[in-house]
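Residue numbering restarts at 1 for every chain, and letters A, B, ... go by the order of the sequence lines. Since the structure is predicted, the reported quantities are computational estimates derived from the model, not experimental observations.
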Amino acid sequence: MSHKELPKTYDFAATEESLYQWWWERGYFKPSNDPANPDFDPDHTPYVISIPPPNVTGELHLGHAMFVSMEDLMIRYHRMKGIPTLWVPGTDHAGIATQMVVERSLNAEGIRRESLGREKFVEKVWEWKKLYHDRISKQIRRLGASCDWDRERFTMDEGLSRAVREVFVKLYEDGLMYRGPRIVNWSPKLQTAVSDLEVEYSEEPGFLYYFKYMLADGSGEYLPVATTRPETILGDTAVAVHPEDERFTRFIGKEVVVPITGRVIPVITDEYVDREFGTGAVKITPAHDPNDYKIGLNHNLPMINIMTQTATINEEGAPYTGLDRFECRKKLWADMKEAGLVIKEEPHKLNIPRSQRSGEIIEPMISTQWFARMQPLADLALEAVRDGRIKIIPEHFTKIYYNWLENIQDWCVSRQLWWGHRIPVWYCAECGEMTVSRTDIDTCPKCGSKAIEQDPDVLDTWFSSWLWPFSTLGWPEKTPDYEYFYPTTMMETGYDILFFWVARMIMGGMYFTGKIPFSQVYLHGLVRDEHGKKMSKTKGNVVDPLTVMDELGTDALRFPLLVGSTAGNDTNLSVKKVEANRNFANKLWNAARFVISSLEKAPEVPLSDELQPTLADTWIWARLQALIANVERLFGSHQYGEAGRQIYDYFWSEYADWYLEIAKIQLASGGDTAFHTAKMLVRVLDTCLRLLHPFTPFVTEAIWGHLKEAASDQSDQFAPEGGWEEALIIARWPVAEEKQDADDPAIADMLQLQDVIRAIRNIRTEKNVKPGKRIPAILAASEKAALFREQREILSVLAYLDPETLQITEQTFEKPEDTISTAVSGIGIFLKIEETVDKAAESERLKKELAEVKSQIIRLEKLLNSAFAEKAPAAVVTGEREKLEKYQTTAENLQAQIDSL
RNA sequence: GGGCGGUUAGCUCAGUUGGUUAGAGCACAUCCCUUACAAGGAUGGGGUCGCAGGUUCGAGUCCUGUUCCGCCCA
């Protein structure tokens, strides 16, 4: 029976899309145990991941490729283990980011958001959402994501919006949601408040300005004060000194005059003042500095907001009203200089707060906003990790997690934007009362007036994200999905959003559902360029996953992301790495091509029931069992990269490099050996494909399909135990055989055979023997002679020896004339090449080899004579002793060879 | 200022219960288009694992201190 020949190169472009389609249509992405089905079994524990929802208007980048690859690996692995798996996909409305993108595009058309009006603008964003949602979700699919798309969610879906409202109202009812004027991080460009987490600090050069705070008593005395932001002088309401700072004792309780404005403010004392910094006396601007704000509260100081929402000076800052904050800084300083109030200015490194989204400098300001009181939630979240109900991987992030939660601040959740969840609060113009409601209202429940208006603000994007693991499953309804799939199992995401998202999800999950939202957190690192630099468009070092997938295939992109990374560590990616893995996919393809084409060379059934495995068979099978066991152990401890690497190495440097070559010989010998070899080829390839499938789903599924077809056409005895499954994606995960002979002598024998073959190849290369030339050889193999006689065909084929004249003897230390010799692993090797032997040079070479071997002997003798021999475990000692014996035989061989020159 | 991570071959990185001449990919050198694969094969050169101590029969692997780099928090 002949099979259609597979192409010489793996054509991923022709494979990936149709395979993905097929998987989806066959329903493999759906949980195998689904509450929606009649045969549902609620006791069968599922494995569940909620996807970190990508920004709906975002373009696919390597960060997405990273988490999709990682999570798909976890899902596919568990699916193959027969566990019901659910991966819930979805997208995020990403308030500020999306609004900015849409606004920018409208601006390009000459349309301003304000002129469009809120309703029209939001409509536009929804149009965008529709358009870009399709793009991003298609791109996620391209990566191979085996999500259940029927369960896809969007953070502004009706259901999720209901969850958001429920949570807001619940927090309000519990006294954990409050509204009021507080100091917030104000973004003058976006004209909204942002949370502490959305502020990034960057060290930038600036100045420290020293000036005089004149005493109000007209004495002409002054307090020297330093500031980095002179414009805030306009809002000063006190000058503070340390209570124990003797330099300033006499000023305490007196009054000083605010420069230019002439306001009179007190000199106060506070422990918070750092005596070492600046002059030791600090100006206090409670309305524009978070630390000053606290002092202001403690001392009951007035809070004077001197800026408008665009950070220009307001009427409180007269005569600078209307100036931009930085222009004001210059003008005020110049005026002060003129007034003789300036002492000096010196260069100073500043820690500038900038908006994470827009990059501009954040202005701390007093503003009326909604805040969530997080302390009670944080306590629950701390407990859940402390008592081990939630495990963070890698572990060292737990400390960072604790540290943040132990210092939790209230969360400013309102945003002055148009795109997002509207705050469910109504204000009555008549009675002035405020109503917080789960449903929309048009009448004031307090006074019955119709003159009510909903709060114009929306909620922080993360206010919907933190509910994601349960809101996507139907919460607050107790849906069958929620009941079965919640709590989820694994939260896999980047460590950069540990606080933004993970910690808040744990807080939210614990508080609102009373359960942990997931039991494990796996934090992956960031993907950087090949030199560890952050990828950015301006640097031009961005690797575009779409281009890479077009050119090299999805599997080629996924593999280095998975294998090149360890939990919590950043990973560097270059196109070169992807190429290397495209090559691996092609290697897989070609090995499979060989296996498939070999099948028909073997008989369909063996003649005898007792199949004698060859040395190579025993070896490759034992190594495979060890591999399976290792992969299982590594997956269990989340060392996915190491697992992938080991499969890669086994496949390429053991199965392909050695077993396939030996198989060619075994197949040629026909009969039962050929049958057994074919079966072994299939069994090992099949197992490798299973192990690799979570990493590289497409190429493995494609090959597996061909293998299954060819193997079942040839013989039903090639099938795996339990038969061929319908598809690799749902095929059984390999389980290592219980009996594992790690020290099966076949393994050591095979290694010795490989050593000898390598040594011969080495000499051939060194002596420039033509690669195809068969040369006569003698092996002095002492007690291993039988082994090498048995393997003489493999030996002669793989080392290109002349089988006619190959001699294998128990012992011949004497070197025959005109041979090049060496010894390795206790075996003496004599090769006849057609070149006259330069005895002096040979002697030189052999002496060098002998010296090397002798140094090893000395090392091992010393080791075995030390305390090592008694204290180390017996197996380790025996291993070293055996090594020593081999070196000794090798040395004897070499010495004899030198002597006979 | 506090905390965390990294420091291993020319480059990018693995190396998780400490086991005794340290691994991969890429790059480099020589040879080979041999009927699975030139996106390949064979062979080779190249690190003593940032530094200094310590624990141990034995340390890249554990402990202490420290350099430099990066990150987070304040």
Side-chain angles (χ1 to χ4, degrees), chain A residues 5-6 8-10 196-197 200-201 274 290-291 351 394-400 402-404 407 495-496 498-499 525-526 528-534 552-553 556 560 563-598 633-634 637-639 641-642 644-646 648-649 652-653 656-657 660-661 663-664 681 757-766 768-772 797-800 852 855-856 859-860 863-873 875-877 879-880 883 887:
Chain A
E5 181 103 349
L6 297 178
K8 211 168 168 181
T9 313
Y10 168 56
D196 296 344
L197 284 176
E200 285 172 350
Y201 293 84
D274 177 4
N291 291 314
N351 223 0
E395 210 197 334
H396 71 256
F397 276 103
T398 51
K399 260 193 188 173
I400 298 173
Y402 292 153
N403 191 270
W404 189 70
N407 297 288
Y495 64 73
D496 53 327
L498 177 63
F499 306 144
L526 274 30
R528 299 171 172 277
D529 82 353
E530 60 181 315
H531 296 292
K533 297 266 186 322
K534 210 168 175 173
L552 301 165
V563 166
S565 66
T566 45
N569 290 320
D570 291 352
T571 170
N572 300 356
L573 188 84
S574 62
V575 174
K576 274 183 182 173
K577 277 192 192 171
V578 184
E579 272 170 12
N581 290 288
R582 183 269 319 262
N583 296 352
F584 178 58
N586 196 49
K587 186 78 182 179
L588 278 169
W589 180 259
N590 276 291
R593 212 157 67 91
F594 166 75
V595 171
I596 288 169
S597 73
S598 311
R633 176 179 63 82
L634 292 164
S637 51
H638 306 283
Q639 298 179 76
E642 182 60 17
R645 208 170 296 114
Q646 289 197 14
Y648 178 105
D649 286 344
W652 200 313
S653 47
D657 284 355
L660 252 52
E661 294 307 317
K664 289 174 187 172
L681 283 169
I757 291 169
R758 277 198 204 96
I760 297 172
R761 285 171 173 172
N762 178 354
I763 291 203
R764 294 178 62 110
T765 304
E766 231 175 87
N768 290 316
V769 180
K770 283 255 180 296
V797 172
L798 296 188
Y800 282 94
E852 170 59 26
S855 79
Q856 295 299 332
R859 199 196 98 236
L860 285 168
L863 179 67
L864 288 162
N865 282 327
S866 71
F868 168 80
E870 296 121 51
K871 299 212 173 178
V876 177
V877 178
E880 294 307 309
K883 265 190 221 164
Y887 277 123

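- Summarising the base pairing, B:G1 is matched to B:C73 through a Watson-Crick or G-U wobble pair whose two defining distances lie under 3.5 Å.
- If A:R528 and A:Y10 are placed on RNA chain B by their nearest nucleotide, the residue sitting closer to the 5' end is A:Y10.
- Using Watson-Crick or G-U wobble geometry with both donor-acceptor distances under 3.5 Å, B:A24 finds its partner in B:U12.
- Separation of the C1' atoms belonging to B:G46 and B:G10 is 9 Å when rounded to the nearest angstrom.
- At a threshold of 4.0 angstrom between heavy atoms, the contacts of A:K883 are confined to the sugar-phosphate backbone, with no base atom among them.
- Taking atom P on both B:G47 and B:U17, the two are 27 Å apart, rounded to the nearest angstrom.
- Across all strands, A:R764 comes closer than 4.0 Å to no nucleic acid atom at all (heavy-atom distances).
- Of all nucleotides listed (B:G25, B:C37, B:C57), B:C57 comes nearest to the side chain of A:A867.
- Using a 4.0 Å heavy-atom cutoff across all strands shown, A:E870 reaches no nucleic acid atom at all.
- Remark: the separation of the P atoms in B:G40 and B:G65 is 48 Å, to the nearest Å.
- Ring geometry for A:F584 versus A:Y648: interplanar angle of 30 to 60°, hence tilted.
- When both pairing distances are held under 3.5 Å, B:C68 makes a Watson-Crick or G-U pair with B:G6.
- In this structure, A:I400 and A:F499 have side chains that are in contact, with non-hydrogen atoms separated by less than 4.5 Å.
- Geometrically, A:K770 does not engage A:Y800 in a cation-pi contact, judged by NZ or CZ lying under 6.0 Å from the ring centre and within 45° of the ring axis.
- A heavy-atom distance below 4.5 Å is found between the side chains of A:L498 and A:F397.
- Nucleotides B:U67 and B:G2 are separated by 13 Å at their P atoms, to the nearest Å.
- On the C1' atoms, B:A24 is 30 Å away from B:U35, given to the nearest whole Å.
- Distances shown here put a side-chain N or O of A:K664 below 4.0 Å from the OP1 or OP2 atom of B:A36.
- In this structure, A:L660 reaches the bases: a heavy-atom distance under 4.0 Å links it to at least one base atom across the strands shown.
- Closest approach to the A:D657 side chain among B:A42, B:G25, B:C32 is made by B:A42 (side chain taken as heavy atoms from C-beta onward).
- Contact check, A:N586 against B:G40: no side-chain N or O comes under 4.0 Å of OP1 or OP2.
- On the C1' atoms, B:U48 is 14 Å away from B:G23, given to the nearest whole Å.
- Nucleic acid contact for A:L863: base, since at least one base atom lies under 4.0 Å from a heavy atom of the residue.
- In this structure, the side chain of A:N762 does not engage the main chain of A:R758 through any donor-acceptor pair within 3.5 Å.
- Side-chain contact between A:L798 and A:R761 is present, with at least one heavy-atom pair separated by less than 4.5 Å.
- Not one side-chain nitrogen or oxygen of A:K576 sits closer than 4.0 Å to the OP1 or OP2 atom of B:C26.
- Proximity of A:I763 to A:V769: side-chain heavy atoms (C-beta onward) are nowhere separated by under 4.5 Å.
- Within 4.0 Å of A:A656, counting heavy atoms only, lies at least one base atom of the nucleic acid.
- Across all strands, A:N569 comes closer than 4.0 Å only to sugar-phosphate atoms, never to a base (heavy-atom distances).
- The nucleotide whose nearest atom lies closest to any side-chain atom of A:N403 is, among B:C32, B:C73, B:C37, B:C73.
- Look at A:W652 and you won't find any side-chain N or O under 4.0 angstrom from OP1 or OP2 of B:A36.
- Proximity note for A:N590 (side chain, C-beta onward) versus B:G40, B:C32, B:C37: the nearest is B:C37.
- For B:G58, there is no paired nucleotide, since no Watson-Crick or G-U wobble pair has both relevant distances below 3.5 Å.
- Residue-level contact check: A:Q856 touches the bases, meaning some heavy atom is under 4.0 Å from a base atom.
- Using a 4.0 Å heavy-atom cutoff across all strands shown, A:R582 reaches at least one base atom of the nucleic acid.
- The side chain of A:P873 has B:G19 as its nearest neighbour among B:G41, B:G19, B:C73.
- The pair A:E579-A:K576 does not meet the salt-bridge criterion, since no charged nitrogen lies less than 4.0 angstrom from a carboxylate oxygen.
- Comparing A:T571 and A:T9 by the nucleotide of RNA chain B whose heavy atom lies nearest to each, the residue mapping closer to the 5' end is A:T571.
- For A:E661, the side-chain atoms get nearest to B:C37 when compared with the rest of B:U16, B:C37, B:C57.
- The A:Y648 side chain lies nearest to B:G25 when the options are B:A27, B:G40, B:G25.
- Across all strands, A:Q646 comes closer than 4.0 Å to no nucleic acid atom at all (heavy-atom distances).
- In this structure, A:N583 reaches the B:G40 phosphate: one of its side-chain N or O atoms is under 4.0 Å from OP1 or OP2.
- The distance between atom CG of A:D496 and atom P of B:C72, rounded to the nearest whole Å, is 9 Å.
- Distance CG (A:D529) to C1' (B:G70): 14 Å, rounded to an integer number of Å.
- For A:K8, counting side-chain heavy atoms from C-beta on, the closest listed nucleotide (B:A38, B:A36, B:C57) is B:A38.
- Checking the phosphate oxygens (OP1, OP2) of B:C4, a side-chain nitrogen or oxygen of A:K399 falls inside 4.0 Å.
- Among the atoms of the strands shown, only primed sugar atoms or phosphate atoms (P, OP1, OP2) are found under 4.0 Å from some heavy atom of A:A580.
- A sub-4.0 Å separation between OP1 or OP2 of B:G41 and a side-chain N or O of A:K587 is present.
- Residue A:R761 places at least one side-chain N or O closer than 4.0 Å to OP1 or OP2 of B:U43.
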